[in-house]
Amino acid sequence: MNDQITLDRTGLKHPLYQDIAAGVTGRAERVIVGLNWTLVVGPHGAGLSHTPARGTGGCFSLPDPGNYKGQALASLAAMTQSENVFETAIAIAASNAFHNRYDLSGSQENGLDLIPDGGSDTVIIGRFPGLDQRIPKAKVIEREPGPNDYPESAAEALLPECRHLIITASTMLDGALPRLLALAPQARTILLGPGTPLAPALFHHGIDALSGLVVDDIDGLSQAVIEGGAVRALKRHSHNLSLFKPGP
């Protein structure tokens, strides 16, 4: 999904951001703001978030470079509503560094494999690689729509009618996620992507499955982030992991 975003103050104040930051412990051992991804490494796990593109609203030099490493993950996670969107990315990655633990157990299914019937009655926010082959019947909403995509304005019409909904985790960065969840309370909803917090607290906000990454090789992944790696580069040093909302 295109990363040109505008900071949404209202969305970033939603309780789901406070819930994923609640109880976070440990200190940041590495903080890397790469071209495509922002990485925070904690004592027991590592977390990613999309890096906002230069020129995005609120995108200006970080106020305290060189001093984020060593800070409490909880302090970094509290920066979600910072006026600087780079700090918002660090905040999300810091929460993920706590939740996406190296030893976390779960299903190793990819979230794209959880959709039945080729994507019939499915809406996807963000064009993931290989969608046309894996979920050919799905309707895809993109910020910069391609030939077979729907524009963002279609969300109000499509989301209330869908049975299955996949949302890219990059929507956490611009505050769009809460609004999208509110539009589709009837849907089975999956939050998907390397920046997905594997935090069970999100199950209380209308999400049924979380599908993200757990890092296997932190040095390799750090180097991939530093060198501007995209998702394929990240997956060489991590594995998919999905968590599911418990049944009644």
Heavy-atom distance under 4.5 Å between the side chains of [X] and [Y], does that happen here?
{"X": "Ile32", "Y": "Trp37", "value": "no"}
{"X": "Leu73", "Y": "Thr25", "value": "no"}
{"X": "Gln81", "Y": "Lys13", "value": "yes"}
{"X": "Val140", "Y": "Tyr150", "value": "no"}
{"X": "Leu198", "Y": "Leu104", "value": "yes"}
{"X": "Arg179", "Y": "Thr10", "value": "no"}
{"X": "Glu144", "Y": "Pro151", "value": "no"}
{"X": "Asp19", "Y": "Leu202", "value": "no"}

Between [X] and [Y], is any side-chain donor less than 3.5 angstrom from a side-chain acceptor?
{"X": "Asn36", "Y": "His50", "value": "no"}
{"X": "Thr38", "Y": "Ser49", "value": "no"}
{"X": "Thr122", "Y": "Arg163", "value": "no"}
{"X": "Tyr68", "Y": "Glu87", "value": "yes"}

Decide whether [X] and [Y] are clustered together by the hydrophobic rule: side chain heavy atoms of Ile, Leu, Val, Met, Phe, Trp, Tyr closer than 4.5 Å, transitively.
{"X": "Leu48", "Y": "Val85", "result": "no"}
{"X": "Leu183", "Y": "Leu177", "result": "yes"}
{"X": "Leu213", "Y": "Val231", "result": "yes"}
{"X": "Val31", "Y": "Met79", "result": "yes"}
{"X": "Ile226", "Y": "Val41", "result": "yes"}

How would you list all residue pairs meeting ring pair (Phe, Tyr, Trp, His ring centres under 6.0 Å) that involve residues 211-246, not counting sequence neighbours? none
Taking all non-hydrogen atoms of both residues into account, name the closest pair between [X] and [Y] and its distance.
{"X": "Asp216", "Y": "Ser238", "result": "OD2-C, 3.1 Å"}
{"X": "Pro43", "Y": "Gly26", "result": "CG-CA, 4.0 Å"}
{"X": "Ala77", "Y": "Ala21", "result": "CB-CB, 3.9 Å"}
{"X": "Ala184", "Y": "Thr189", "result": "O-OG1, 4.3 Å"}
{"X": "Leu39", "Y": "Ser222", "result": "CD2-OG, 3.4 Å"}

Criterion side chain to side chain contact (heavy atoms under 4.5 Å, CB included) against [X], the qualifying member of [options]:
{"X": "Leu221", "options": "Asp219, Asp217, Val225", "value": "Val225"}
{"X": "Leu191", "options": "Thr196, Leu165, Ile166", "value": "Thr196"}
{"X": "Gln71", "options": "Ile90, Val40, Asp64", "value": "Asp64"}

Say whether, by atom type as modelled, one donor and one acceptor occur between the side chain of [X] and the main chain of [Y] under 3.5 angstrom.
{"X": "Glu142", "Y": "Arg127", "result": "yes"}
{"X": "Asn100", "Y": "Val214", "result": "no"}
{"X": "Thr171", "Y": "Thr168", "result": "yes"}
{"X": "Gln186", "Y": "Cys162", "result": "yes"}
{"X": "Ser242", "Y": "Ser211", "result": "no"}
{"X": "His99", "Y": "Ile20", "result": "yes"}
{"X": "Thr88", "Y": "Thr80", "result": "yes"}
{"X": "Arg27", "Y": "Gly70", "result": "yes"}
{"X": "Thr51", "Y": "Gly34", "result": "yes"}
{"X": "Asp117", "Y": "Gly119", "result": "no"}

Let me see the working for Asp149 and Ile141 under side-chain contact (heavy atoms from CB on, under 4.5 Å), right down to the final yes or no. CA-CA 6 Å; Asp149 299 335; Ile141 295 176; over 6 Å; no
Determine, stepwise, if the pair Leu16 / Leu181 fulfils side-chain contact (heavy atoms from CB on, under 4.5 Å). CA-CA 11 Å; Leu16 72 82; Leu181 294 172; 4.2 Å; yes
Hey, what do you get for [atom1] ([X]) to [atom2] ([Y]), rounding to the nearest 0.5 Å?
{"X": "Leu12", "Y": "Met172", "atom1": "CG", "atom2": "CE", "value": "9.0 Å"}
{"X": "Asp121", "Y": "Leu158", "atom1": "CG", "atom2": "CG", "value": "11.5 Å"}
{"X": "Asn148", "Y": "Asp132", "atom1": "CG", "atom2": "CG", "value": "6.5 Å"}
{"X": "Arg101", "Y": "Asn96", "atom1": "CZ", "atom2": "CG", "value": "14.0 Å"}
{"X": "Asn84", "Y": "Leu62", "atom1": "CG", "atom2": "CG", "value": "5.0 Å"}

Could you pull out all donor-acceptor pairs under 3.5 Å where a side-chain atom in residues 105-112 meets a protein atom, sequence neighbours excluded?
| unit_1 | atom_1 | unit_2 | atom_2 | d |
| --- | --- | --- | --- | --- |
| Ser107 | OG | Glu109 | N | 3.1 |
| Ser107 | OG | Glu109 | OE1 | 3.0 |
| Asn110 | OD1 | Leu112 | N | 2.8 |

Take Ile167 and Leu192 through the test side-chain contact (heavy atoms from CB on, under 4.5 Å) and record every step on the way to the result. CA-CA 6 Å; Ile167 303 177; Leu192 175 65; over 6 Å; no
Phe203 vs Asp208, side-chain contact (heavy atoms from CB on, under 4.5 Å): CA-CA, chis, key distance, verdict: CA-CA 6 Å; Phe203 294 141; Asp208 299 288; 6.0 Å; no
Going by an N to O cut-off under 4.0 Å, is there a salt bridge joining Glu161 and Lys139? no
Could you walk me through whether Glu152 and Arg143 pass salt bridge (Lys or Arg N to Asp or Glu O under 4.0 Å), step by step? CA-CA 6 Å; Glu152 286 184 311; Arg143 185 162 282 117; 3.0 Å; yes
